Amino acid sequence: MQQHTIGQAFELEGIGLHSGLPSKLKFKPLPENGGIVFKRCDLPSRPEIPALWSNVVDTRNCTCLGDGDKNIVGTIEHLMSALYVRGIDNLLVEVSNPELPIMDGSAAMLYDALMKIPLKEQNAPRRYLKVKKEVSFSDDKGNTVTLKPYENGLKIDFEIEFPSKIVGRQVFSGEITPELYGAEIAPCRTFCEKYQVDYLQSLGLIKGGSLDNAVVLDGETVLNPGGLRHQHECVNHKVLDAVGDLYTSGHPILGRLEASKTGHFHNNQILKVLFGDQSNYEMV
């Protein structure tokens, strides 16, 4: 298969989750082997930051890219997830804010917009990152993420467990295909407990957060008027994030991710472990 970029430029806008400020995205084609690149057009130097695992500088509450001059682009994971499944290899994303717009807290609006835009086939072949050896990372709480060989694409097994009966223990297992992603994963929103919202707002964060862009749980109650979109919305959103974080590898992956109670930090760490030894992978 050949590499692809978008066939025409387009724009999207919304508000930043933490800043509460308007954030506009301009999507533009990039040539072969350009990768996914974010450009901070609100800054005088207009710095460009490639969406690579080695440029991830913060994984608290989201995945945040940075460069040597401390310029950042945050909350990239939902867009990266949609780009991965849409099959876009090369793209310039101009950003007007330090963080991407949160949209409705899922990847649905981003994915739907990308599905409406024609893709342009390019001259260079697409290269896949093939996992050759099992690699793992565990934190000090015993939460573990593992990458294993898998020939047919990207397969994810994800387990979460929360005290809330609304969430409880949820399990996802499946190969990430456009059909499954569009129906079961992209619409699933980020989620949190109300006490977390209160705490983060007390720190001056999530100024743009609302029931319009997150699932908020209060004990055994879903505060969102429409309730959940999916019975397993919480674990499916974790899968959504994992797909986006894994795309900071720079390539689509031939491998199997097994994760238990993990998040952005673990997704970045497993890529560091994978790329720490060239015998762990090959480009095909």
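Fair warning: this is a prediction, and the values are worked out from it, not measured in the lab. Numbering of residues begins at 1 and proceeds along the displayed sequence.
For the atom pair Leu246 CG and Ile270 CD1, the distance stands at 9.0 Å (nearest 0.5 Å). Annotation: the span from Ile166 atom CD1 to Cys234 atom SG amounts to 8.5 Å, rounded to 0.5 Å.
Of the possible donor and acceptor atoms, one in the side chain of Asn90 sits under 3.5 Å from a partner among the backbone N and O of Gly35. In this structure, Asn280 contributes its side chain and Leu274 its backbone to a donor-acceptor pair below 3.5 Å. Judged purely by atom type and a 3.5 angstrom limit, Thr146 has no side-chain atom pairing as donor or acceptor with the backbone of Ser136. Counting only distance, with no hydrogens or angles, the side chain of Ser19 and the backbone of Leu21 share a donor-acceptor pair below 3.5 Å. For Arg86 (side chain) and Leu114 (main-chain N/O), a donor-acceptor pair under 3.5 Å exists by modelled atom type.
Ring centroids of Phe191 and Phe162 are separated by less than 6.0 Å, placing the two rings close together. In this structure, the ring of Tyr84 has its center no less than 6.0 angstrom from the ring center of Tyr111. Remark: aromatic rings of His237 and His230 are distant, center separation not under 6.0 Å. Aromatic rings of Phe158 and Phe172 (six-membered ring for Trp) have centroids beyond the 6.0 Å cut-off, not under it.
Remark: the Asp245 side chain and the Thr63 side chain contain an N/O donor-acceptor pair separated by less than 3.5 Å. Side-chain N/O atoms of Asp157 and Ser173 include a donor and acceptor closer than 3.5 Å. Remark: the Gln122 side chain and the Asp89 side chain contain no N/O donor-acceptor pair separated by less than 3.5 Å. Side-chain contact check for Glu175 and Asn152: no donor-acceptor pair (N or O, by modelled atom type) lies under 3.5 Å. Residues Lys133 and Ser279 have side chains that bring a donor and an acceptor to within less than 3.5 angstrom of each other.
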TODO: Could you please spell out the steps behind the side-chain contact (heavy atoms from CB on, under 4.5 Å) verdict for Leu17 and Glu99?
DONE: CA-CA 8 Å; Leu17 174 62; Glu99 59 179 331; 4.1 Å; yes
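The closest side-chain heavy-atom distance from Leu240 to Tyr181 is below 4.5 Å.
The number of heavy-atom neighbours closer than 6.0 Å to OH of Tyr199, taken from other residues, nucleotides and ligands shown, is 12 or below. Glu220 CD: more than 12 foreign heavy atoms inside a 6.0 Å radius. Around atom NZ of Lys120, no more than 12 heavy atoms belonging to other residues, nucleotides or ligands sit under 6.0 Å away.
Looking at Asp198 and Lys194, a side-chain N of the basic residue comes within less than 4.0 Å of a carboxylate O on the acidic one, giving a salt bridge. Ion pairing of Glu258 with Lys148 is present here, as a side-chain N (NZ or NE/NH1/NH2) and a carboxylate O approach within less than 4.0 Å. Using a cut-off of 4.0 Å between Lys/Arg side-chain N and Asp/Glu carboxylate O, Lys141 and Asp139 are scored as not salt-bridged.
Residue Leu217 forms a side chain to side chain contact (heavy atoms under 4.5 Å, CB included) with just one option from Asn224, Val222, Val197, and that option is Val222.
In the hydrophobic clustering (ILVMFWY side chains linked at under 4.5 Å, chained through shared members), Val37 is joined by Leu30, Leu92.
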